[in-house]
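Down below is the structure, laid out as structure tokens.
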Protein chains: 2
Amino acid sequence: MQDDDIANIMRALGHPVRLNILRFIASQQQRECCCGDVTESLPLAQSTVSQHIKVLLDAGLIERKPHGTRNRYMIRHDRLSEIGTAFGGLLTGLNFQAPHKEAEPA
Amino acid sequence: MQDDDIANIMRALGHPVRLNILRFIASQQQRECCCGDVTESLPLAQSTVSQHIKVLLDAGLIERKPHGTRNRYMIRHDRLSEIGTAFGGLLTGLNFQAPHKEAEPA
DNA sequence: CGAATTAATCGGTGAATTGCGATGAACATG
DNA sequence: CATGTTCATCGCAATTCACCGATTAATTCG
């Protein structure tokens, strides 16, 4: 995964409301819900929630399925595990990354 | 760790330049470097790099140690592992979180 | 077809972010 | 003490973000 992708995802996760939205979706019985459900659970206007959902969509964290007059949203578990791997790699790299040049002093 | 803390950290990680700075610091022989070193490695002005460093500092991802006329920066490994744990918890929660209310329909 | 529902999108506002050059504080050294 | 080095910080412009109300598109249903 590119740095830009990681940065995008991190930015998408970098807002408390969006964390709440993700958790809300994950907490639903069917593991999916529509925009209105989310809006009800938050002290924000519908348009604002829709915006946040769009950010999560663009970052690939959730997916949309139109269903009649409403949309169903659900967590993209496939991407979540990718992200987990990438993030783990990032942290590991920061912890143990070999020196810039000429590691292994023989 | 609070949602706000996580969001702050994610936002700090949400910029490619800052990812580069972190990796650059981690890649140094002594696992530390000063602002000038970072600036040389990037096509950005010194003031801009200093700003990014401040964001990383505020998020607790690096620490500063004054050393003569320059400052030494190093990765905060303690925090890194905290963050790893918190992030893992977040992802796990999104994957397996129990339904919001009244699970177990008896 | 007409009315209602749902939710995306548009336009606007204020705040924050990102970049820069310039300034100034802290320190070392001649 | 004067000079040079390093770097944080201060404006400043441009862009993006977060939020809102209003509008519009899609769909269902009477």
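Here is the naming used below: chain letters follow the sequence lines, and residue numbers restart at 1 for every chain.
Atom C1' of nucleotide C:dA22 and atom CD of B:Q46 are separated by 11 Å, given to the nearest angstrom. Taking atom CG on B:L19 and atom P on C:dT18, their separation rounds to 12 Å, with Å as the unit. Rounding to whole angstrom units, CZ of residue B:R70 and C1' of D:dT6 are separated by 7 Å. What separates NZ of B:K65 from P of C:dC27 is a distance of 17 Å, to the nearest Å. Atoms CG (A:D37) and P (C:dA7) sit 7 Å apart, rounded to a whole Å. D:dC19 atom P lies 10 Å from atom CG of A:L42, rounded to whole Å. Residue B:K54 contributes atom NZ, which lies 19 Å from atom P of C:dC20 at whole-angstrom precision. At whole-Å resolution of the value, CD1 in B:I53 and P in D:dT9 are 11 Å apart.
Proximity of B:T48 to the phosphate of C:dC20: a side-chain N or O atom is located under 4.0 Å from OP1 or OP2. Within the structure, a side-chain polar atom (N or O) of A:R18 is placed less than 4.0 Å from OP1 or OP2 of D:dA18. B:H52 has a side-chain polar atom (N or O) that falls below the 4.0 Å cut-off from OP1 or OP2 of C:dG19. Residue A:H15 has a polar side-chain atom (N or O) positioned under 4.0 Å from OP1 or OP2 of D:dC19.
Among all heavy-atom pairs drawn from B:L56 and B:A12, the shortest one is CD2-O, 4.2 Å.
Side-chain atoms of B:L61 and B:L80, non-hydrogen and from C-beta on, do get closer than 4.5 Å to each other. Looking at heavy atoms from C-beta onward, A:N71 lies out of side-chain contact with A:C34 at the 4.5 angstrom threshold.
Comparing A:H67 and A:V17, the nucleotide of DNA chain D nearest to each residue sits closer to the 5' end for A:V17. Heavy-atom distances to DNA chain D give each of A:V49 and A:R11 a nearest nucleotide, and the one nearer the 5′ end belongs to A:R11. Residues B:S47 and B:Q51 each lie close to DNA chain C; by heavy-atom proximity, the contact nearer the 5' end of the strand is made by B:Q51.
Residue contacts for A:L44: at a heavy-atom cut-off of 4.0 Å it reaches the sugar-phosphate backbone alone, with no base atom in range. Residue contacts shown for A:R72 are absent, as no nucleic acid heavy atom lies under 4.0 Å away.
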**Message:** Determine whether A:H15 and A:V55 satisfy the following criterion, side chain to side chain contact (heavy atoms under 4.5 Å, CB included), listing intermediate values before the conclusion.
**Reply:** CA-CA 11 Å; A:H15 196 293; A:V55 174; over 6 Å; no
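Among the nucleotides D:dC7, C:dT5, C:dT9, the one closest to any side-chain atom of A:T69 is C:dT5. For B:A45, whose side chain is taken as the heavy atoms from C-beta onward, the closest listed nucleotide among C:dC20, D:dT9, C:dA7 is C:dC20.
Between the side chains of A:N20 and A:R23, no donor-acceptor pair of N or O atoms lies under 3.5 Å.
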